[in-house]
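Just below is one structure, and these are the notes that go with it.
Computed from a predicted model, the values in this text were never measured in an experiment. Below, chain A is the first sequence line, B the second, and so on; all start at residue 1.
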Protein chains: 2
Amino acid sequence: MAIGVCIVEDDREIRELLSDLVLASGQFDFLGGFETAEDLMRAFRKLQPDVVLMDLQLPGRSGIECIRELKLKRPETQFLVCTVFEDNERVYEALLAGATGYMLKSSDGNSLIEAISSVHRGESPMTGVIARKVIENFTKRKPSVDYAEKLTEREREIVEYLSRGFRYKEIASQLGLSTETVRTHIRNVYEKLQVGTRTEAINKIYGNK
Amino acid sequence: MAIGVCIVEDDREIRELLSDLVLASGQFDFLGGFETAEDLMRAFRKLQPDVVLMDLQLPGRSGIECIRELKLKRPETQFLVCTVFEDNERVYEALLAGATGYMLKSSDGNSLIEAISSVHRGESPMTGVIARKVIENFTKRKPSVDYAEKLTEREREIVEYLSRGFRYKEIASQLGLSTETVRTHIRNVYEKLQVGTRTEAINKIYGNK
DNA sequence: AATAAAATACCACTAAAGTAGTATTGAATA
DNA sequence: TATTCAATACTACTTTAGTGGTATTTTATT
């Protein structure tokens, strides 16, 4: 069964160029070219594409937002960004949103065709320049602040239980405390972390984001 | 001025194969092949290579340790890993240590030659498979497919919001639903995952550690 | 055309989480 | 020694989360 491919690109000429490329290769099932993110989003459910070749700068909703939403709906679809930009910020955003490949419009046709197969195989095609940006971005990512350090021993202990989904009274009985004490500790933790719920606290400390 | 290249590889046959490749290309100034990390480290100061082609599994000190030390001494030198391994952990470690390219021994000669020029130009040559691992490593939040698969589109979407700590009514307004609908979806999610709280659901899907 | 699954929505209820204020005790420390 | 911090604990209250039952509409599938 052929790989279903959609293209989102506002410039008509480029869109047709890409469509021709995909069609001419004979390896894909071309499902359609779209001018805007909204157009794709409307058709997405019906088409269920395997790969979406996506420009980032679009009229209306940005390609990045579009990827974020659609990737949630259907994680199997691979989003291959194809744009003229290769600035750090955009690459980073796109990948965080769920893109798994990042190519430049200046790439030659064969590379693009190969990139489409490649993302579909579960790889992440990208140029060496972009790969370097990705690496720089993620080797520099430091654990910002160690929130856990702000907490006392007891608080850390309790947060650990919190993160496992224990109830206040369960934590209390585990640690031999009163439920009210647990409640107080948690209140203090939230105050220190500047959060208001269990989930926010866990995300802040264990960095689930 | 030609690019100065060193090779570190314990297998003599492969080392000579790589040396020949580098020499035959005519693009590089081949500075020497080394059997161990220690050997390179002794000669490093004198040679001041632009690019080091480096195996990771070596007798004595590991390639990763070697990169860590030498990259500190001379950041201009680009370390291009060339190994048989492409497991997540090793890729991650090598890049953190200061490698900027990661190729497989199974690559063909031309790709390797091109990769050497590429790292020297400030790019990060790597295969699509490795790029995917890098991306996965730094975007995290890889929902366990087994559980996520059991959920419908809408449910996955809502769980994502849940995991970020949104309240029912916040999710509802984000998605343009009634709070009661959100509540119903979440109830169904809990039923499918056999859990009873938000935190348990998140841990089951996104994996707590 | 009939059926199943997904998405939507409501009511009523209980349990748990979170907010606010306060207080006591022991240990460390300025 | 006076003070701060960590740990303990209480009352009283509001908000959010989770449970159970039910029902309508749309979309896919047989």
Side-chain angles (χ1 to χ4, degrees), chain A residues 1 4 31 41-49 69-70 72-77 146-205, chain B residues 147-206:
Chain A
M1 202 163 147
L31 303 177
M41 290 170 90
R42 263 188 295 278
F44 188 79
R45 201 201 174 88
K46 199 160 294 172
L47 297 177
Q48 308 225 122
E69 278 209 35
L70 295 182
L72 271 177
K73 288 205 178 173
R74 193 162 187 279
E76 314 89 281
T77 297
D146 199 351
Y147 290 106
E149 269 178 13
K150 296 182 174 174
L151 308 182
T152 68
E153 265 181 47
R154 201 48 147 178
E155 286 166 351
R156 276 196 289 274
E157 205 175 2
I158 287 175
V159 165
E160 178 66 22
Y161 283 98
L162 263 194
S163 81
R164 301 202 191 280
F166 284 80
R167 311 213 148 90
Y168 289 5
K169 57 171 143 183
E170 292 171 331
I171 299 174
S173 84
Q174 285 285 315
L175 298 177
L177 301 173
S178 89
T179 306
E180 294 309 318
T181 302
V182 172
R183 192 190 296 280
T184 304
H185 282 305
I186 289 171
R187 199 202 315 170
N188 292 333
V189 168
Y190 289 178
E191 171 66 28
K192 286 185 186 174
L193 300 182
Q194 288 288 293
V195 299
T197 69
R198 176 193 293 244
T199 309
E200 286 177 301
I202 296 170
N203 287 341
K204 213 153 200 180
I205 289 187
Chain B
Y147 290 116
E149 264 178 9
K150 296 184 176 173
L151 307 181
T152 68
E153 272 181 34
R154 206 40 150 183
E155 286 166 351
R156 277 196 293 270
E157 209 172 359
I158 287 175
V159 165
E160 178 69 20
Y161 283 99
L162 261 195
S163 80
R164 297 198 199 283
F166 284 81
R167 309 213 146 87
Y168 290 5
K169 57 171 138 178
E170 291 171 330
I171 299 173
S173 84
Q174 284 284 315
L175 298 177
L177 300 174
S178 89
T179 307
E180 293 307 321
T181 302
V182 172
R183 191 189 297 280
T184 303
H185 282 304
I186 289 170
R187 198 200 315 167
N188 293 333
V189 169
Y190 289 177
E191 171 65 28
K192 287 184 187 175
L193 300 182
Q194 288 290 293
V195 297
T197 68
R198 176 193 293 245
T199 309
E200 287 175 302
I202 296 169
N203 288 342
K204 212 151 200 184
I205 290 185
Y206 298 103

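Residue-level contact check: Thr181(B) touches the bases, meaning some heavy atom is under 4.0 Å from a base atom. Heavy atoms of Ser178(A) sit under 4.0 angstrom from primed sugar atoms or phosphate atoms, though from no base atom. The residue Thr197(A) sits close only to the backbone: its heavy atoms come under 4.0 Å of sugar-phosphate atoms, none of a base. At a threshold of 4.0 angstrom between heavy atoms, the contacts of Ile186(A) with the nucleic acid are absent.
Sequence order on DNA chain C of the closest nucleotides to Arg45(A) and Thr199(A) puts Arg45(A) first from the 5' end. Each of Phe166(A) and Arg187(B) was matched to the nucleotide of DNA chain C holding its nearest heavy atom; the match closer to the 5' end belongs to Arg187(B). Residue order along DNA chain D, read from the 5' end via each residue's closest nucleotide, puts Arg154(A) first among Arg198(B) and Arg154(A).
The backbone N or O of Tyr168(B) lies less than 3.5 Å from no partner atom in the side chain of Arg183(B), so there is not a single donor-acceptor pair.
Checked against dC10(C), dA17(D), dA17(C), the side chain of Glu180(B) finds its nearest nucleotide in dC10(C).
For DNA chain C, none of the residues of residues 188-196 of chain B falls under the heavy-atom distance limit of 4.0 Å.
The side chain of Thr152(B) places an N or O atom within less than 4.0 Å of a non-bridging phosphate oxygen (OP1 or OP2) of dA7(C).
A salt bridge between Glu160(A) and Arg164(A) is present, with a side-chain N of the basic residue lying under 4.0 Å from a carboxylate O of the acidic one.
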